[in-house]
Amino acid sequence: MATQKELSDFLAQVERRAFKQAVFAVHDDAAALDIVQDAMLKLAEKYSARPHTEFPMLFQRILQNAIRDHFRRAKVRGTYSTQLSSLGAGGDDESDPLDTLDVEDVGNVPDSPAARFEQAEVMAFIEDAVKALPDRQREAFLLRYWEELDVSETAKVMGCSEGSVKTHCSRATHALAKVLRAKGITL
Amino acid sequence: MNEKDFAAKLKPWLDRSATQVGELEATRLKAARLRALDAYREPVSILGLATVNGGVLENARYTLLQRGLMILPLLALVAALTVQSIDTDVDLGEIDAQLLTQELPPDAYLDQEFRSWLGSSR
């Protein structure tokens with residue numbers, strides 16, 4: 001069973017990433033904050049008796065459900081707008097963008113204002129590209145590679161098969177690489 | 001480059017993006033976290049067999065109390081009816097009146113005690 005400190009530490013550690021995940025999904029900071037707050041409350045209220053090692057997966061499951069609930073409610077209100085995705089899978093380009101994309105290690109924050117500006121621009125572009133991914137691809141990609149859940153954990157959180165997770169992750173990665181390459185972005 | 005390598009290179013960018021959350025959002029996130037911690041209830045062990053969080057136990061107690069309150073009017077009604085049914089006090093004034101006006105119901109004459117009383121009073 002988790003102590004209050006373990007819960008506090010866990011939430012402090014994940015809150016910003018959770019917020020970003022929600023922003024990527026719902027494209028609205030205020031709604032994302034509400035979603036994260038709901039998820040935190042639910043974890044504290046219902047799962048504090050569970051070992052803290054289970055928190056990452058439980059929290060992700062709660063968070064993803066909260067995001068889905070947000071869309072359900074929005075749909076009911078009739079304000080749901082379909083996301084436009086320029087990164088859909090199955091494009092005409094047969095080549096693998098991962099083969100040609102130059103990637104370098106991300107250094108520290110650059111010293112010069114120009115370099116800092118450039119880095120901010122790249123980051124904004126990456127965020128937009130992640131936002132533009134189809135929902136399931138983005139969910140799988142972020143859970144698998146940002147939250148570092150393994151395939152089976154990701155499948156449990158998403159409520160799908162491990163094969164689907166692999167497919168979503170692969171498509172998301174290729175879509176992101178393609179967009180970055182098209183923009184000439186070097187990570 | 002394979003999928004994992006690419007994702008590994010992208011991760012620091014996402015991490016940095018998360019650290020650059022605005023001050024307002026960071027404050028609201030902290031407030032949300034504190035609110036969640038307020039909702040935390042120390043886990044409670046039930047007879048050493050299972051552990052549930054305090055909230056669940058509190059909810060269970062609350063539910064029991066709620067149910068108790070819901071059936072309270074019903075219990076009161078049943079109690080009232082029971083008291084009424086075992087209330088054997090006879091309205092003596094009414095019997096006297098019926099006796100004087102000779103409007104006693106025939107059942108009264110079937111009562112042995114009444115008949116013996118009637119005989120002795122003549």
Side-chain angles (χ1 to χ4, degrees), chain A residues 1-4 7-8 11-12 15-21 23 29-30 32-34 36-50 97-106 109 119-120 122-124 126-127 130 141-142 144-146 148 169-170 172-174 176-177 180 187, chain B residues 1-70:
Chain A
M1 66 190 85
T3 64
Q4 191 170 22
L7 179 66
S8 176
L11 292 178
E15 64 188 12
R16 288 176 180 224
R17 286 209 311 274
F19 170 65
K20 275 290 177 184
Q21 276 192 62
V23 171
D29 285 9
L33 280 166
D34 289 343
V36 175
Q37 178 171 300
D38 285 352
M40 284 176 163
L41 266 174
K42 201 165 276 181
L43 183 75
E45 282 174 351
K46 297 191 184 297
Y47 297 101
S48 55
R50 304 288 280 268
L98 293 178
D99 291 336
T100 54
L101 192 76
D102 292 326
V103 179
E104 296 165 1
D105 280 335
V106 182
V109 179
Q119 196 176 67
V122 171
M123 198 154 68
I126 290 173
E127 285 185 9
V130 173
F141 179 80
L142 293 178
R144 179 83 181 88
Y145 293 122
W146 199 18
E148 296 182 330
C169 282
S170 173
T173 312
H174 280 78
L176 288 171
L180 295 182
L187 295 181
Chain B
M1 190 187 341
N2 68 26
E3 189 182 312
K4 272 189 179 175
D5 291 339
F6 173 75
K9 298 290 181 184
L10 204 58
K11 187 176 182 296
W13 287 89
L14 294 171
D15 287 339
R16 183 171 295 165
S17 151
T19 59
Q20 291 183 359
V21 164
E23 205 170 308
L24 179 69
E25 284 80 11
T27 308
R28 286 195 58 191
L29 283 170
K30 188 178 175 185
R33 171 167 31 108
L34 295 176
R35 219 166 292 148
L37 290 171
D38 274 348
Y40 170 90
R41 298 281 181 276
E42 201 67 46
V44 180
S45 174
I46 302 174
L47 303 175
L49 296 172
T51 302
V52 296
N53 68 352
V56 169
L57 200 65
E58 206 165 89
N59 281 345
R61 281 181 190 145
Y62 180 68
T63 311
L64 283 175
L65 181 68
Q66 245 181 344
R67 285 183 185 166
L69 287 174
M70 276 173 66

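With a threshold of 4.5 angstrom between heavy atoms, A:Gln21 does not approach chain B through any atom at all. Using a 4.5 Å cut-off between heavy atoms, A:Ala12 touches chain B through backbone and side chain atoms alike. Of the atoms belonging to A:Glu127, it is side-chain heavy atoms, and not backbone ones, that fall under 4.5 Å from chain B.
Here A:Val122 is the residue among A:Val36, A:Val122, A:Leu142 with the most heavy-atom pairs under 4.5 Å with chain B. Across A:Leu7, A:Leu41, A:Leu33, A:Asp34, the residue that shares the most heavy-atom pairs under 4.5 angstrom with chain B is A:Leu33.
No salt bridge links A:Lys20 with B:Asp15; every basic N to acidic carboxylate O contact stays at or beyond 4.0 Å.
Residues B:Trp13 and A:Gln119 have side chains in contact (heavy-atom distance under 4.5 Å, counting atoms from C-beta outward).
Residues A:Tyr145 and B:Lys11 approach most closely at O-CD, 3.5 Å, considering heavy atoms. Among all heavy-atom pairs drawn from A:Leu180 and B:Phe6, the shortest one is CD1-CZ, 3.9 Å.
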- Task: Determine, stepwise, if the pair A:Arg144 / B:Lys4 fulfils side-chain contact (heavy atoms from CB on, under 4.5 Å).
- Result: CA-CA 10 Å; A:Arg144 179 83 181 88; B:Lys4 272 189 179 175; 3.6 Å; yes
